[in-house]
2 protein chains.
Amino acid sequence: MIRVMITDDHLIVREGLRLILETADDIEVVGEAVDGAECLELAAKLNPQVILMDLQMPRMDGITAIEHLRKDFPEIAIVILTTYNEDDLMIRGLQSGARGYLLKDSSRENLLDAIHAAAKGETLLKPEILARVLAPQAQGKPAATTQTESTLTERELEVLQSAARGERNKEIAYKLGITERTVKAHLQSIYQKFGVDSRAAAVAVAAQKGLLGI
Amino acid sequence: MIRVMITDDHLIVREGLRLILETADDIEVVGEAVDGAECLELAAKLNPQVILMDLQMPRMDGITAIEHLRKDFPEIAIVILTTYNEDDLMIRGLQSGARGYLLKDSSRENLLDAIHAAAKGETLLKPEILARVLAPQAQGKPAATTQTESTLTERELEVLQSAARGERNKEIAYKLGITERTVKAHLQSIYQKFGVDSRAAAVAVAAQKGLLGI
DNA sequence: GCGGACATTGTCCGTTCGGACAATATGCCC
DNA sequence: GGGCATATTGTCCGAACGGACAATGTCCGC
């Protein structure tokens, strides 16, 4: 019996996954978490072998959760389950220690196969994804610097979410109780991490990473 | 037997919905569409009574699809099913003719209740959502102008997607073979349609609407 | 033909933004 | 104690942006 935990912020996705997984007679869904923070809590209590992990969640995003899980529960296999077929997000997830990667438009068979492989300590990757993992900084992508430098801090996330709402630096500063200069500092840090040089592009990247809750 | 069609770009969401719906013995899932365009095609063939409609999809977004459905198949009840508890998106969907609104983190009961209500020609709204619908331009939101004015033109979409890549007006102008002033005109038109006043906010709205392919 | 939607371009001006120089303080881990 | 990450703030400047006045031409449907 493979003990599987589901981490996704959408109830319908969780229910759908649970029902799909229950069609396999060797899989047991032991719990569900709605974000990265709850995932870490439940992982300690429920002792899952495999965690299906969404990457776009509130409170704590999937990448951050994976990094924590790798550190605290290295024996748990993590299968990334996300909407986006986005190169750097996928590669970052795998670099962070995930053992599989599945798009939400994957078939039921693919999903079950990936879980079975993960439970055996193997990783199931589609050939084209494997190729991308093997070719780190292939063509256009700005080649993610290091792991820590590619995750936003809480403060940076606050600033970026405010910017995505169209707020000016002055407005953001007032709401956060800091100066405009500090807002600019956070933004420049964000730009560096995302490899962009404008708030519009930063917002697009954030949306892509699911950091805006949309 | 209520004939229900599902429109969502994620297979797992579709499967999850199908399995949930099949737990009700008076509901029949007659088909699934992956985007607004396919939804229109299948609606003509499958004759559904209720359509569960995601709002964030490629090719044709949910709002546009609803507008077409209202025109071509006014007898079909549409229940919006989306990730976002976003005021103007919700209101626009309902104004466009949807008969219900459900967040993806709704419970199974809520989902089934909404479908039953929609099939009877009724609309099931949570009280707080009803209040917002009844108070059009209540607090901050700029109260969407008209239907046609809320859809971007091809040119505007090109400009906005370029902006989301971090391109400056000058850069966008060069690539599109127009002047910088024209780019600004398109942007201002976009701002008006989206009810924002900055490219960062416009990009966020675009991402939310699924216009950026992410 | 005439209105409407769409695409295009012009100027001026005040505000905002991003980059280039920075520095300081705090808290945590080794 | 010595790093390291994080958060904070300062000034200056050129470029970019958004809004306020606009106007012109095309194409399509009624």
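Per chain, numbering begins at 1; letters A, B, ... match sequence-line order.
- Minimum atom distance to the side chain of Thr153(A) is reached by dA7(D), of the listed dG19(C), dA7(D), dG19(D).
- The shortest distance between the side-chain N/O atoms of Thr182(A) and the OP1/OP2 oxygens of dT9(D) is below 4.0 Å.
- For the side chain to side chain contact (heavy atoms under 4.5 Å, CB included) test with Ile6(A), the passing option among Leu21(A), Leu42(A), Ile51(A) is Leu21(A); the others fail.
- Take the nearest nucleotide of DNA chain C for Glu156(B) and for Lys170(A): the residue whose nucleotide is more 5' is Glu156(B).
- The base of dT6(D) has none of its N or O atoms less than 3.5 Å from a complementary donor or acceptor on the side chain of Arg155(A).
- The only member of Glu15(A), Arg18(A), Met5(A) that meets side chain to side chain contact (heavy atoms under 4.5 Å, CB included) when paired with Glu32(A) is Arg18(A).
- Relative to the side chain of His186(A), the nucleotides dC12(D), dG18(D), dT8(D) differ in distance, and dT8(D) lies closest.
- Here the side chain of Ile178(B) is nearest to one of dT8(D), dC17(D), dT9(C), namely dT9(C).
- For Arg181(A) against dT11(D), a side-chain N or O and a base N or O form a donor-acceptor pair under 3.5 Å.
- A sub-4.0 Å separation between OP1 or OP2 of dC17(D) and a side-chain N or O of Asn169(B) is present.
- Here dT9(D) presents its P atom at 15 Å from OH of Tyr174(A), a figure rounded to the nearest Å.
- Residue contacts for Ser198(B): at a heavy-atom cut-off of 4.0 Å it reaches the sugar-phosphate backbone alone, with no base atom in range.
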